[in-house]
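Beneath this line is the structure, given in structure tokens, with notes to follow.
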Amino acid sequence: MRLTQWTDYTLRVLMYCAACEGREQPVTINEVAQGYGISRSHLMKIVQELAAQGLLETTRGRGGGIRLMKPAHDINIGAVVRATETDFQVVECFESSSNQCRLSNHCGLQGVLGQAMRAFFAVLDGVTLGDLMVAQPTDTTVALPMPTLHRVPGLPTRG
């Protein structure tokens, strides 16, 4: 299973906001868009949806932005993924009304994949947004993915 880009960006927005939780100024959509290289208009739709779900507080105007509406430890990742993904039918036979597979009556794949999907959500249901935040950075640049630096032979390393 692969999560949609919508869910990926949703999780990124929430994690960015969680990383900036103690900051005086709210996070801006432009800040997240630039930090992750994501379309601002796409992020606006995601933020609007997260606000409708009660996960983000949005403030318009000068000094406005977005903040988590509740503590990161109260936001369940399994619930977020269920709210953002639209299709958990991993294979055709998961949907009995449109199943055309001739092997359905003699195949154990549906049961195995169903068990795997339940295990997938069992893990996500046991994780909160706060659990994903290994350390609470004070600088937003720490919250962004850092490029991989390659060591050049012969040059001293920083430490």
Side-chain angles (χ1 to χ4, degrees), residues 1-100 109-148:
M1 182 179 150
R2 182 181 178 114
L3 296 178
T4 61
Q5 192 176 58
W6 181 273
T7 300
D8 178 23
Y9 292 171
T10 295
L11 293 170
R12 289 183 196 211
V13 168
L14 291 172
M15 290 178 69
Y16 196 100
C17 289
C20 299
E21 215 167 7
R23 196 170 87 174
E24 187 176 321
Q25 291 288 9
V27 171
T28 66
I29 292 175
N30 283 339
E31 180 183 345
V32 178
Q34 289 174 356
Y36 286 124
I38 299 172
S39 158
R40 183 182 184 282
S41 62
H42 196 63
L43 282 179
M44 288 179 66
K45 294 174 190 173
I46 289 170
V47 166
Q48 184 178 21
E49 181 63 31
L50 288 170
Q53 292 174 16
L55 295 173
L56 288 182
E57 172 187 15
T58 61
T59 309
R60 291 178 163 251
R62 188 171 183 86
I66 55 177
R67 294 184 191 274
L68 293 179
M69 197 166 229
K70 50 186 168 181
H73 284 288
D74 291 342
I75 298 174
N76 181 273
I77 298 302
V80 171
V81 171
R82 280 185 185 86
T84 56
E85 286 295 316
T86 57
D87 183 13
F88 295 108
Q89 308 306 322
V90 179
V91 289
E92 176 186 336
C93 59
F94 271 38
E95 182 59 50
S96 58
S97 64
S98 61
N99 183 14
Q100 298 294 314
L109 184 61
Q110 181 180 13
V112 170
L113 292 176
Q115 183 179 358
M117 186 66 68
R118 287 187 298 278
F120 173 76
F121 277 109
V123 170
L124 293 181
D125 288 340
V127 178
T128 69
L129 179 60
D131 295 332
L132 298 179
M133 307 311 298
V134 177
Q136 293 292 331
T138 56
D139 181 4
T140 56
T141 58
V142 178
L144 297 175
M146 300 301 290
T148 304

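Positions are given from 1, in the same order as the sequence printed here. Every heavy atom of this structure was used, including side-chain atoms; hydrogens, water molecules and symmetry mates were not.
Taking 4.5 Å as the limit, every side-chain heavy atom of E85 sits out of range of all side-chain heavy atoms of W6. Within the 4.5 Å cutoff, the side chain of P26 has no heavy atoms near those of the T59 side chain.
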Test log, rule side-chain hydrogen bond (donor to acceptor under 3.5 Å, both in side chains), inputs T10 and T7: CA-CA 5 Å; T10 295; T7 300; 5.7 Å; no
Test side-chain contact (heavy atoms from CB on, under 4.5 Å) applied to V47 and V32, step by step: CA-CA 11 Å; V47 166; V32 178; over 6 Å; no
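The shortest heavy-atom contact between M133 and A18 is CG-CB, 3.8 Å. Nearest heavy-atom pair across L56 and V13 is CD1-CG1, 3.9 Å. Taking all atoms of both residues into account, the shortest heavy-atom contact from A51 to T58 is CB-CG2, 4.0 Å. T128 and A72 make their closest contact through CB-O, 3.8 Å (heavy atoms, listed as atom of the first residue, atom of the second, distance). Nearest approach of R23 to R67, heavy atoms of both residues: O-NH1, 3.1 Å.
None of L55, L14, V27 except one satisfies the side chain to side chain contact (heavy atoms under 4.5 Å, CB included) rule with L68; the exception is L14.
Atom CD of Q53 is separated from atom OG1 of T84 by 7.5 Å, given to the nearest 0.5 angstrom. Between the CD1 atom in I38 and the CG atom in L43 there is a gap of 5.0 Å [rounded to 0.5 Å]. Put simply, CG on D131 and CD1 on I75 are 11.5 Å apart, with the number rounded to the nearest 0.5 Å. We find the CD-OH distance between E31 and Y16 to be 3.5 Å, quoted to the nearest 0.5 Å. Within the model, atoms CG of L50 and NZ of K45 stand 14.5 Å from one another, a figure rounded to the nearest 0.5 Å. Between the CG atom of L3 and the CG atom of L11 there is a distance of 7.0 Å, given to the nearest 0.5 Å.
Looking only at distances, no side-chain donor or acceptor of R118 sits under 3.5 Å from a matching main-chain atom of F121. Listed for the E21 side chain is no donor-acceptor partner under 3.5 Å among the backbone atoms of P71.
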